[in-house]
Amino acid sequence: RTGNREKGCGLFGGRRMKTMDIVDAINARLTEKWPARTVYLDVCPVDFDRPSFWLQVTKDDRSDASRYTDRRTVQIALTAYDEKDEHYESSWQRLSGVVDECLTLLGGVLKVGDRRFKPTLKSLPREPDRAVILIDFSFMTPKSADGQTGETAKTLCTSLTVNGKKI
């Protein structure tokens, strides 16, 4: 069993999933739906295009779940920027519609490599020209193969004293 786990077979799929695999899956959905919009990954430049999206990893936590698995929690912030007209104003109705479409697009099952996830989505209060959606993923992943699982004890010695007598 251990050999299969280290090779990435079985429950966790073919290879160890990276955070950018999740970002890439979201990016693919967005560019399929809005091919003319730019999607910025991780860094959004000062002179960014409008309308556009910005995907930013805001949390990537790992905690011990068992001897062989870790629990991962990944949060990605999706910022939708609306276009501005000749008076540098945006349409909150149009932005609201984009947010609704994003929630529908990302609210179902998301395929990442050979795994499938149902993320938790949370829409934050909108600003006049931008809106943020938090996309949360929580999943189990095998521990790294660098020996962090520890060794199993081969021998255990105990001493018991009852009423002052060693047994």
Side-chain angles (χ1 to χ4, degrees), residues 1-34 37-45 48 52-81 95-96 98-127 130-162 167:
R1 263 318 232 167
T2 303
N4 285 343
R5 184 181 54 77
E6 289 174 358
K7 291 177 186 172
C9 298
L11 179 64
F12 300 112
R15 69 173 183 85
R16 188 173 307 279
M17 186 172 45
K18 298 179 181 169
T19 305
M20 284 309 294
D21 294 336
I22 298 171
V23 173
D24 291 341
I26 296 170
N27 182 26
R29 285 252 177 117
L30 293 172
T31 55
E32 183 180 327
K33 173 82 175 164
W34 292 282
R37 288 188 185 216
T38 303
V39 179
Y40 297 100
L41 304 179
D42 193 34
V43 178
C44 187
F48 61 91
S52 60
F53 296 108
W54 176 27
L55 291 172
Q56 177 187 25
V57 177
T58 56
K59 180 166 105 175
D60 188 351
D61 292 339
R62 294 160 199 223
S63 60
D64 193 40
S66 73
R67 182 174 175 191
Y68 296 109
T69 59
D70 286 332
R71 174 177 299 284
R72 289 203 43 208
T73 305
V74 176
Q75 183 178 74
I76 298 169
L78 166 61
T79 305
Y81 292 101
L95 184 59
S96 181
V98 169
V99 168
D100 289 343
E101 289 182 68
C102 285
L103 292 171
T104 301
L105 182 70
L106 300 171
V109 174
L110 183 68
K111 186 173 187 229
V112 180
D114 54 0
R115 295 180 76 177
R116 286 169 175 62
F117 297 97
K118 181 127 174 76
T120 302
L121 305 173
K122 180 180 181 181
S123 180
L124 299 181
R126 295 178 184 94
E127 295 181 29
R130 78 191 86 201
V132 177
I133 299 170
L134 297 179
I135 310 166
D136 291 312
F137 295 86
S138 182
F139 56 96
M140 304 298 268
T141 186
K143 288 193 182 290
S144 62
D146 61 3
Q148 293 199 11
T149 58
E151 286 192 36
T152 305
K154 293 186 172 65
T155 306
L156 175 64
C157 297
T158 61
S159 175
L160 181 64
T161 305
V162 177
I167 299 179

Check your understanding: Under the ring pair (Phe, Tyr, Trp, His ring centres under 6.0 Å) test, which residues partner Trp34, sequence neighbours left out?
Key -> Phe53
Practice item. With sequence neighbours excluded, tell me which residues meet side-chain contact (heavy atoms from CB on, under 4.5 Å) with Pro45. Key: Tyr40, Asp47, Phe48
Check your understanding: How would you list, by chain and number, every residue that makes a side chain to side chain donor-acceptor pair (under 3.5 Å) with Gln56, sequence neighbours excluded?
Key -> none
Point to revise | By side chain to side chain donor-acceptor pair (under 3.5 Å) - contacts of Thr58 (at least two apart) | key: Gln75
**Study point:** Value rounded to 0.5 Å, distance of CG in Asp24 from CG in Leu55
**Key:** 9.5 Å
Review point. Which residues satisfy the salt bridge (Lys or Arg N to Asp or Glu O under 4.0 Å) test with Lys33, sequence neighbours excluded?
Key: Glu101
Point to revise | Residues forming a side-chain contact (heavy atoms from CB on, under 4.5 Å) with Lys122, sequence neighbours excluded | key: Leu124, Leu134
Would you be so kind as to tabulate the donor-acceptor pairs closer than 3.5 Å made by side chains of residues 25-32, with sequence neighbours excluded?
residue	atom	partner	partner atom	Å
Arg29	NH1	Leu105	O	2.7
Arg29	NH2	Val109	O	2.6
Thr31	OG1	Asn27	O	3.0
Thr31	OG1	Ala28	O	3.2

Review point. Can you tell me how far the CD1 atom of Ile133 sits from the OG atom of Ser123, to the nearest 0.5 Å?
Key: 5.5 Å
Point to revise | Closest contact, heavy atoms only, Gly107 versus Lys118 | key: O-NZ, 2.5 Å
Point to revise | N/O donor-acceptor pair under 3.5 Å between Trp54 side chain and Val39 backbone | key: no
Point to revise | Nearest-0.5 Å distance, CG of residue Leu78 to CG of residue Leu106 | key: 6.5 Å
**Study point:** Which residues share a side-chain contact (heavy atoms from CB on, under 4.5 Å) with Val43, sequence neighbours left out
**Key:** none
Study note, to complete from the structure: Across all chains, not counting sequence neighbours, the salt bridge (Lys or Arg N to Asp or Glu O under 4.0 Å) partners of Arg62 are Asp60
Revision key, fill the gap. Sorted by chain and residue number, the salt bridge (Lys or Arg N to Asp or Glu O under 4.0 Å) partners of Arg126 (sequence neighbours excluded) come out as none
Point to revise | Arg72 CZ to Ser138 OG distance, which is reported to the nearest 0.5 Å | key: 10.5 Å
**Study point:** Between CZ on residue Arg115 and CZ on residue Phe137, distance to nearest 0.5 Å
**Key:** 11.5 Å
Exercise for review: Determine, for Asp64 against Lys143, whether the closest basic-nitrogen to carboxylate-oxygen distance falls under 4.0 angstrom.
Suggested key: yes
Exercise for review: Quick one: list whatever passes side chain to side chain donor-acceptor pair (under 3.5 Å) with Ser66, sequence neighbours left out.
Suggested key: Thr69
